[in-house]
Every structure is written in C-alpha cells, then in structure tokens.
Protein chains: 2
Amino acid sequence: MARNKRDIDRQSKQDEIVAVARRLFLEEGYEAASMARVAREAGVAANTLYWYFTDKDALLIAVLNGLVLEALAAHAGVQAMPLKEQLLWLIARFEQAHRLVLTVHARLEASESVRTWHDQFHGMLEGMVIGQLTARGMAAEEATITATAGMFIVEGLLSHPHTARQREQVIAWLAGRSDDAKLITLQGN
Amino acid sequence: MARNKRDIDRQSKQDEIVAVARRLFLEEGYEAASMARVAREAGVAANTLYWYFTDKDALLIAVLNGLVLEALAAHAGVQAMPLKEQLLWLIARFEQAHRLVLTVHARLEASESVRTWHDQFHGMLEGMVIGQLTARGMAAEEATITATAGMFIVEGLLSHPHTARQREQVIAWLAGRSDDAKLITLQGN
DNA sequence: ACCTGAACACCGTTCAAGT
DNA sequence: ACCTGAACACCGTTCAAGT
C-alpha cells in the first residue's frame, strides 16, 4: 500500500521499467533483451535496474504478473461462455506471449523465484478450471485430471506453431472428452 | 560412411565429446554446462569444440540424436504393448532428460537448427502414434488429433513435476479418450 | 587436418562513490 | 534514497598461428 509521495514515485518508476521490459521481452524474447537494453530504453544506467529489482528473473515475474492481472480482468467478460470458448479465448490472448511460456519453463530449474511463481500460477488456473467443471456437474476427481490434461494441451498449443484448424480440433477433442466424463458421471447417479 | 582411419578417428573423437556433453547437459543442464567445461572434461581446449561442431546448438542436437536413437532401439522391446503402457515407458525413459525437453523448446526461436530438429522429431513421433492408432482401428483424422493432444500431454508430464499417481491417471484419461474414439468409429461402420 | 592461446563482444551482477 | 561509472567473472565464438 503506497502512502506517501516517495512510495508513489518509486512505484511509478518501477512500472515504467516493467513496461519497457514487457515490450522488449515480448518483441525480442527474454534472453535477447539484455538488462543493458532495458535500462537504455528506460533511460537509466544498467545497474539502476538492480535498485528496483533483485535480478532479471524478478523483472520477468513483474512482467508476468502484469500480463496475468490484465488477463484475469478481461476474463470477467467471457466467463459465462462455454469452457471450450474460454480456452480458445485464453490461447488467442496469450499467443503474443507464447515466448514467455517457453521462457518460464526454461528458467524453472535455474530460478527458484520463477519456479514458485509458476507453481502458483498453475495452481490458480487449474483451480479455476476444476471449479467450472464441477459446477457443470463433473465429478471432482475426474475434473482434476481433466484440468491437468487441459493445461498441458493449452501449453502445448502455445508452445508449438499450429493452424487455426488444428487449434479448433484439439480444443474440440478436449471439450468432447470432458463432455463424455460428465455423461458417465450422470449415468452413474 | 566412415572409410579410412582418419574418418574413424574423427568420428571417435566426436563421439567422445558428445558423451561428455551428454553427461553434463543431463546432470547440470544445457545452460549451466559451458563449452569451456565440456572442453575441459573432454581434455581439449575450448575452441577445439568448434572444429567438430559448428556451435553449441549443434552439440545439443548430437546429444539429442544419441538419446533418441537409443530410445528407438529400446522401443522395439515394448512396441507390442498397449499404447498406454508404451506412453508410460516413454515418459519413464525420458524423465532423466526432462531438462532437455525444456531446453529444446527454449531454443526453438533462437536457433534454426534446433527448430528443424524439433519439427522432425515431432513429425516422427506423431507419425508413429498415428500409425498405431489407425492400426488399432481409429479413423485417420481422429488419430491425428489424438496424437497431437497425446504429444502435448506427454510433454506436459515431462515438463512438470508430478506424482506417479498423477501420471497414471492422466495417461489413463488419454487412453480412455482414444478408446471412446475407436468405439465411435466402430459404431459408425 | 587438427589443435591452441589469445582475444572479442557480449552477459548479468556488484561495489564504491556520488548526490 | 536514488543513481552511476567502473569493474568483475563469466559466456559463446573467432582468428591467427602452430604442428
């Protein structure tokens, strides 16, 4: 909670750096966008970045949090749609950030902070999917497995170039699978 | 086709370097294992590596080719098993190489040679899965989609830490999906 | 043909010094 | 508190020189 002017200044400066980093990370990739480059485009010396962020991974996480927060806000507008449409929306939205999906996975082993962020993100997203599936009548255990498989498929689509047709088909396949599970659940009752 | 002694010498020296690189890449990761380190443990100067390999990505590809070739040979012994068992075998086999799965994806954009290798590998593996699914009676188009989704799920399992129980369940879920498809195909006839 | 020492252009990060 | 110039320890890679 930023109170006084100093905190607000610090926050806005930090935001400015994150904005530059976000643009460069998305345009050229995490590895190709050096700290020196980010600093130059933000109008500060390279080592000044370390006054605001402990290291490059912390800067990455700040960028990711921004992207996720905006996506969550935008998701409110589509959360009433069928799950299949929501997944297609999600993939389309994160397509421009597909490089960062690969980056996060690549830095999992080297950076504990990235690993922590990744685990929390996965947990949150899976929780949302499980919630929707159970609300639609799927059994809890089946919903958990379906959510895990669904995450993997979404990640796969984001990580691999593919045609619009392929995307449609794979997501329809996934949705069909969860429909079957619901049917089986209902038959069981 | 190595004919004379010189070619054989070159080949064996190359193999020696690849063996060292493989051990280091698997143990410490591609990024952490520097060219200097590989060279030192192989008993040559760092720049000597560039006499045998054009760059670090070429060395990575040589390591990957070795792993894949050995896996293909070993696969002969399990190819009669149900697809579900084959997938579990595949995941168990590449578990120790899970870091390299992330590495390949991370280097897709930066390195054209890695991208080419990755695309060929995906094509080969998907082809094998599609072949098995159609041989078991699944329709061609459905088999293609199932194979794509299956690859994504296997990659997801290799990329994310998980329990043996989770692995069993997700693979069973996937196998169940392909059984349903076969059933539908048969009903259609 | 094969191998090397020395150098190059980077990289993320640290530190002492300034205001 | 905030920012910097200079340096540090690396990195992959290149090149001229040796045998």
Side-chain angles (χ1 to χ4, degrees), chain A residues 2-18 20-21 24-25 27-63 100 103-104 106-114, chain B residues 2-18 20-21 24-25 27-63 100 103-104 106-114:
Chain A
R3 295 211 180 288
N4 52 48
K5 183 163 187 307
R6 186 163 59 232
D7 285 347
I8 291 171
D9 279 359
R10 180 178 175 86
Q11 185 64 48
S12 69
K13 189 83 183 190
Q14 217 160 339
D15 292 346
E16 207 181 309
I17 293 170
V18 171
V20 172
L24 289 178
F25 287 175
E27 278 175 10
E28 334 208 338
Y30 179 74
E31 222 176 315
S34 70
M35 292 294 266
R37 183 84 186 283
V38 172
R40 193 174 353 118
E41 305 221 5
V44 294
N47 48 6
T48 300
L49 299 182
Y50 293 88
W51 179 257
Y52 293 97
F53 301 92
T54 59
D55 55 21
K56 200 183 180 186
D57 287 312
L59 189 49
L60 171 64
I61 290 172
V63 168
L100 291 187
T103 299
V104 167
R107 296 219 43 80
L108 279 182
E109 306 240 20
S111 162
E112 193 184 329
S113 56
V114 171
Chain B
R3 296 210 181 286
N4 52 48
K5 184 161 186 310
R6 187 164 60 231
D7 285 349
I8 291 171
D9 278 0
R10 180 178 174 84
Q11 184 64 49
S12 69
K13 189 83 183 188
Q14 216 161 340
D15 292 346
E16 208 181 308
I17 294 169
V18 171
V20 172
L24 289 177
F25 287 176
E27 278 175 9
E28 333 208 337
Y30 179 74
E31 221 176 316
S34 69
M35 292 296 263
R37 183 84 187 284
V38 172
R40 193 173 354 117
E41 305 222 2
V44 294
N47 48 5
T48 300
L49 298 182
Y50 292 87
W51 178 258
Y52 294 96
F53 301 93
T54 58
D55 55 21
K56 199 183 179 184
D57 287 312
L59 190 48
L60 171 64
I61 289 172
V63 168
L100 291 187
T103 299
V104 167
R107 298 223 35 85
L108 279 181
E109 306 239 21
S111 161
E112 193 185 330
S113 56
V114 171

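- Taking atom CG on B:Asp57 and atom C1' on D:dG12, their separation rounds to 10 Å, with Å as the unit.
- Counting only heavy atoms from C-beta outward, the side chains of B:Leu60 and B:Phe53 never approach each other to under 4.5 Å.
- In this structure, B:Asp9 places its CG atom 14 Å from C1' of C:dC3, rounding to the nearest Å.
- Using the Watson-Crick or G-U wobble rule with both distances under 3.5 Å, C:dG18 pairs with D:dC2.
- In this structure, B:Tyr50 places its OH atom 13 Å from C1' of C:dC8, rounding to the nearest Å.
- B:Thr48 comes within contact range of at least one nucleobase, with a heavy-atom separation under 4.0 Å.
- Remark: the backbone N or O of B:Asp9 is paired with a side-chain donor or acceptor of B:Ser12 at under 3.5 angstrom.
- One can place OH of A:Tyr52 at 20 Å from P of C:dG12, the figure rounded to the nearest angstrom.
- Atom CG in B:Asp55 sits roughly 5 Å away from atom P in D:dT13 (whole-Å rounding).
- Separating the CG atom of A:Leu60 from the P atom of C:dT13 is a distance of 12 Å, rounded to the nearest angstrom.
- Taking atom CZ of residue B:Arg40 and atom C1' of nucleotide C:dC3, one finds them 18 Å apart after rounding to whole Å.
- Look at D:dT13: its Watson-Crick or wobble partner, with both distances under 3.5 angstrom, is C:dA7.
- Put simply, A:Arg10 has no side-chain N or O that comes within less than 4.0 Å of OP1 or OP2 on D:dA1.
- In this structure the side chain of A:Val44 reaches within 4.5 angstrom of the side chain of A:Lys13, judged on heavy atoms.
- Considering A:Glu31, A:Glu27, A:Glu28 in turn, A:Glu28 is the only one that fulfils the salt bridge (charged side-chain N to carboxylate O under 4.0 Å, His left out) rule with A:Arg37.
- The shortest distance between the side-chain N/O atoms of A:Trp51 and the OP1/OP2 oxygens of D:dC2 is below 4.0 Å.
- The separation between B:Met35 atom CE and C:dA9 atom C1' is 17 Å, rounded to whole Å.
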